[in-house]
Amino acid sequence: MEHDRTPDEYEQARLAKLEQLRQMGVDPYGGKFSGAEALQAIADKYDPNHEDQIVCGAGRIILLRDIGKLIFITLRDRTGTLQAGLSKKMLGDAWAVARLLDLGDHIGVEGMLGRTKTGEITIWANTLTLLCKATLPPPEKWHGLQDVELRYRRRYVDLFSNPQVLATFQDRVAIIQTIREFLQDRGFLEVETPMMHPIAGGAAARPFITHHNTLDIDLYLRIAPELYLKRLLVGGLERVFEINRNFRNEGISTQHNPEFTMCELYQAYGDYHDMMDLTEELICLLVSRRSEDMKLDFNGRSIDYTPPWPRKTYAELFAEHVGCEMSDSAAVRQKARSLEIGEANMDDTVVVNEIFEHTVEDKLINPTFVIDYPAALCPLTRRRKDNPNVAERFELFISSMEIGNAYTELNDPAVQEENFRLQLRGQEETMATMDEDFIQALKYGMPPAGGLGIGIDRLVMLLTDSPSIRDVILFPQMRPTE
RNA sequence: GGGGGUGUAGCUCAGUCGGUAGAGCAACGGCCUUUUAAGCCGUGGGUCGAGGGUUCGAGUCCCUCCGCCCUCACCA
């Protein structure tokens with residue numbers, strides 16, 4: 001539909017100008033433009049005592065004021081904005097080009113760096129080079145692009161018309177860079193493991209299925225890199241991490257996108273307490289770069305990241321917020337019924353977890369480590385030595401969102417194999433495949449280790465006060481338009 | 001999948017009780033050599049998301065469908 005659209009009056013007008021430019025011998029799509037300095041750098045070197053500096057800049061026209069024989073243009077590049085003054089007298093033949101400029105075009109100008117009567121730093125152009133004629137108009141200059149659907153579908157327009165959106169994605173880049181540096185400083189090696197898995201493992205989620213023609217096998221887009229990163233532990237990469245996409249074929253919401261970015265890391269000879277220390281240190285570092293007092297607003301609420309963060313056991317939080325012990329099966333069942341949880345066909349552990357998710361998680365606003373999960377929920381986790389029903393696992397909650405998930409990794413191949421068997425029982429065929437190779441890897445010996453996963457998108461949401469995951473993913477998944 | 005909201009000009013938005021479809025920006029034409037979201041004069045621009053229904057008459061009321069947003073459910 002988009003392709004068949006007949007040009008509207010706006011596009012027609014610009015196409016007509018484009019044709020005029022071609023007839024004048026001007027390439028409306030320009031080419032390499034050498035010598036342009038960053039606009040901010042140009043503005044910075046303005047010197048009222050030397051208004052004879054010749055400078056060269058390029059950018060997109062975001063505002064245009066036509067005063068007759070003089071046109072003022074606000075140019076923007078990656079560094080900022082700067083005014084260009086185009087006068088009929090100074091441009092000569094190129095004045096004809098100037099008169100055909102529109103909002104959204106890219107141009108390059110060269111000329112003297114000066115000021116206007118009102119003090120605005122301005123490049124008084126001697127030459128004007130058209131670098132790209134835009135044949136569709138930008139959104140309204142006051143409000144930018146507001147329509148949420150269009151913002152996601154045409155993120156390129158969102159980015160150039162809403163400066164705050166660009167700033168958020170620049171923040172995202174900086175955050176991820178800081179995470180990389182933090183981990184590299186601690187001796188973690190960044191690796192890339194397969195995105196296409198013959199067996200979808202490392203998490204319980206419905207995978208996307210694809211097919212390799214030559215091998216004639218189905219493959220799954222990975223739901224987690226965990227099992228491959230642990231193979232690397234076996235291989236001797238004692239500190240390893242990966243920041244990359246996971247794919248889960250599940251619901252879409254303000255906290256879920258089918259593809260999302262996860263940072264997973266593994267540290268040999270560590271445990272989940274080390275992972276808590278590391279998580280707290282990392283996130284506090286990120287927060288400290290954006291906040292003087294370790295507080296950041298999210299969704300209209302102030303979140304206090306001041307360490308140390310509480311580390312409370314699952315059982316403790318359950319008793320505190322639910323009002324009964326999780327071991328009290330009768331009370332737990334009664335509570336479940338009062339929450340309208342269909343508990344009849346569920347194991348006690350599952351019922352407890354349902355109640356936990358309904359009752360406890362939305363109370364966890366400031367960063368909180370929930371530790372020591374029921375072992376039955378954690379097939380990849382080592383059990384506590386003093387209590388085999390409890391797994392050495394934590395989840396980090398901030399603003400009721402699960403931000404991190406970590407364990408002391410299970411490295412006993414026999415226990416791992418048994419856990420897989422229990423997990424596979426009763427599951428759908430597509431998800432029920434034993435990863436024999438992973439068990440084999442464990443048999444060669446995986447050092448005891450702490451492992452951690454941090455949901456990067458959700459973390460960026462918190463750090464940039466973005467209420468939806470779509471606001472921190474450049475191209476969120478949308479239903480295609482027909 | 002359930003519930004709620006929303007869809008009007010390129011963009012941002014009004015549109016009352018059912019009675020000729022509106023504004024700003026943008027566009028087009030004109031004036032203007034120091035503007036600052038430039039200003040002034042003039043002109044054009046609509047499948048009111050799609051389809052059906054009620055009505056003398058529907059942007060408005062009803063039904064179906066579609067997109068998007070929120071929310072619940074689902075979701076180690």
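Below, chains carry the letters A, B, ... as their sequence lines are ordered, and counting in each starts from 1.
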Exercise. Could you measure between the two P atoms, the one in B:C68 and the one in B:C61, and give it in whole Å?
Key: 24 Å
Exercise. Give one of base, sugar-phosphate or nothing for A:Gly144, where a contact means two heavy atoms less than 4.0 Å apart.
Key: sugar-phosphate
Quiz item: If the C1' atom of B:A27 is compared with that of B:G18, how far apart are they to the nearest Å?
Solution: 34 Å
Self-check item: base_contact_polar (B:U33 base, A:Ser87 side chain, donor-acceptor, <3.5 Å)
Solution: no
Quiz item: Does A:Arg248 come within less than 4.0 Å of A:Glu259, counting only side-chain N to carboxylate O?
Solution: no
Quiz item: Using the ring of each side chain (for Trp, its six-membered ring), is A:Phe247 parallel, tilted or perpendicular to A:Phe208, with breaks at 30° and 60°?
Solution: perpendicular
Quiz item: How do A:Gly251 and A:Lys117 order along RNA chain B: which one's closest nucleotide is nearer the 5' end?
Solution: A:Lys117
Exercise. Using only heavy-atom distances, decide whether a donor-acceptor pair under 3.5 angstrom links the side-chain of A:Glu9 to the base of B:G10.
Key: no
Quiz item: Base, sugar-phosphate, or nothing for A:Gln146, non-hydrogen atoms under 4.0 angstrom?
Solution: sugar-phosphate
Practice problem: Spell out yes or no: do the side chain of A:Tyr10 and the base of B:A26 have one donor N/O and one acceptor N/O closer than 3.5 Å? | Solution: yes
Quiz item: Side-chain donor or acceptor of A:Glu140 under 3.5 Å from a matching atom on the base of B:G24?
Solution: yes
Quiz prompt | Interatomic distance where CD1 belongs to A:Ile469 and P belongs to B:C75 [whole Å] | solution = 19 Å
Quiz prompt | Quiz item: A:Gln83 side-chain donor-acceptor pair to B:U35 base, under 3.5 Å | solution = yes
Quiz item: Can you tell me how far P in B:A58 sits from the matching atom in B:G19, rounded to whole Å?
Solution: 11 Å
Self-check item: Proximity to the side chain of A:Met478 - top-ranked nucleotide from B:C70, B:C69, B:C32
Solution: B:C69
Quiz prompt | Heavy-atom closest pair, residues A:Asn419 and A:Arg383 | solution = ND2-NH2, 3.7 Å
Exercise. For B:G22 versus B:G29, give the span between their C1' atoms, rounded off to a whole number of Å.
Key: 23 Å
Exercise. Please determine if a side-chain N or O atom of A:Arg153 lies less than 4.0 Å away from the OP1 or OP2 oxygen of B:C68.
Key: yes
Quiz item: Of A:Thr122 and A:Glu149, whose closest RNA chain B nucleotide lies nearer the 5' terminus?
Solution: A:Thr122
Quiz item: Can you tell which of A:Gln255, A:Arg470, A:Arg172 makes a side-chain hydrogen bond (donor to acceptor under 3.5 Å, both in side chains) with A:Asp457?
Solution: A:Arg172
Exercise. Ignoring the backbone of A:Leu63, work out which of B:C70, B:A38, B:C25 is nearest its side chain.
Key: B:A38
